[in-house]
2 protein chains.
Amino acid sequence: MSSKKPVAIVFDTFGSVVDWRGSLVAEMKELGGKRGVNGDWAAVADAWRHGYHRMLDEVTAGTRDYGLLDDLHRELLDEAMRDVGVTGFREDDLRDINLGWHRLKAWPDAVAGLTRLKTKYIVGSLSNGNVRLLVDMAKGANLPWDVVFGSDMFSRFKPHPDTYLGSARLLNLEPGEVMLASAHNGDLANARKYGLMTGFFLRPTEFGPNQAIDLAAEADWDVIADDIEDMATKLDT
Amino acid sequence: MSSKKPVAIVFDTFGSVVDWRGSLVAEMKELGGKRGVNGDWAAVADAWRHGYHRMLDEVTAGTRDYGLLDDLHRELLDEAMRDVGVTGFREDDLRDINLGWHRLKAWPDAVAGLTRLKTKYIVGSLSNGNVRLLVDMAKGANLPWDVVFGSDMFSRFKPHPDTYLGSARLLNLEPGEVMLASAHNGDLANARKYGLMTGFFLRPTEFGPNQAIDLAAEADWDVIADDIEDMATKLDT
């Protein structure tokens, strides 16, 4: 592990800090029960997230423009429901399900780990979510951010360099003084490409019980930890 | 008082949430004592702030470009020291004095009031300070912001509309769903011009014992309060 320490640590949120899949499946199941709508909710959540990754690739390739994640999520939700064959939700139900991203629950170690890290480092989100989504998420899950960086501040999604470098610029720091912390090796590879420090931690069930990726650090990241509490220990807090 | 309630409340910070004058005078006095440098510290603080207001007018008039407040503050500090006739500080002393803006202390009611408001509203800063300054200030003074809006996010200072409207845009709200809270009637007049709600509270000693402005609400602001705790009461928190 690198002996150098960052000044600020910015966190990927979806999957890394909050459990998108478990939270969305639980909310859809509950609302489906109320409305008498049945569905394979894990399949809907996975299709939704798959659509998101495809959409990011399109934006990166330049075949789709940047848009507010709330709006893109809604378009992708309709598609996911259709693909999995769920019918029967009303328009306001779908609107509410889409806002489920604002209500994602934190992984059990997240609040305690961030609270410890915050005593010594600036801690912030660096997410493809829009600012409002991240603010609502932080309020609901008690995430103690010092600062929220959302993609609508840069009109760019990760992995565009404006996002990683924009967080450093707004903190008046050199990129090498900022650490991206994420459960995703690909996210960290991009952050390293633009000069940020890198911190990896494990979320082995983010994608469900049969997760096949991000089960280990795939490079010599500056910090490699089991979870955010362990990262706090490894960063002396 | 208006019966309509905002969704988010964004706060002017210098003077409204933190006591810039008292904090800077105390820090300069302490460092002056250590270095054997004497000066009329209240006069330096007032000249510094006066330079800032003149600088804002120049930016508004278009005769000066937007710049990071940390950098502008440093230029204005040198000028204030010269004008008041203080000599003897070293370069690193002046750098440290300039960073005093990152360490401003909160008014006694601020943390308690913001903590109450945060239970029901999104609370954020909307300041001409840069993001890093505001983040450091919040960490030092325990300000419980949900979100930090600094002028470097918009590359504009208040009263440019991009600042007031930018905070609403990033919160995905209509301007009328956001309240600017400030101890400065002029700030509120601008916010109202761009469609925001307005909340006034008193800081009768912000400019020292002989303060002559902002000693009362000068318009029918949506909320008029004694301080931030009183504002929390008037907004049912």
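Letters go in sequence order (proteins before strands), and every chain restarts at 1. The figures that follow rest on heavy atoms only: side chains count, while hydrogens, waters and symmetry mates do not.
- Between chain A and the options B:Leu143, B:Leu173, B:Leu170, the largest number of non-hydrogen pairs under 4.5 Å is found for B:Leu170.
- Heavy atoms only, all atoms of each residue included: A:Val148 and B:Asp146 are closest at CG2-O, 3.9 Å.
- Inspection of non-hydrogen atoms places A:Leu68, A:Asp70 of residues 50-74 of chain A under 4.5 Å from chain B.
- Between A:Met153 and B:Val131, every side-chain heavy-atom pair lies at or beyond the 4.5 Å cut-off.
- Nearest approach of A:Arg132 to B:Val7, heavy atoms of both residues: NH2-CG1, 3.9 Å.
- Looking only at side-chain heavy atoms (C-beta outward), A:Asp136 and B:Ile122 come within less than 4.5 Å of each other.
- Between the CG atom in B:Leu171 and the CG atom in A:Asn130 there is a gap of 10.0 Å [rounded to 0.5 Å].
- Inspection of non-hydrogen atoms places no residue of residues 97-116 of chain A under 4.5 Å from chain B.
- Side chain of B:Lys118 to main chain of A:Lys139: no donor-acceptor pair is present (N/O by atom type, distance under 3.5 Å, no hydrogens or angles).
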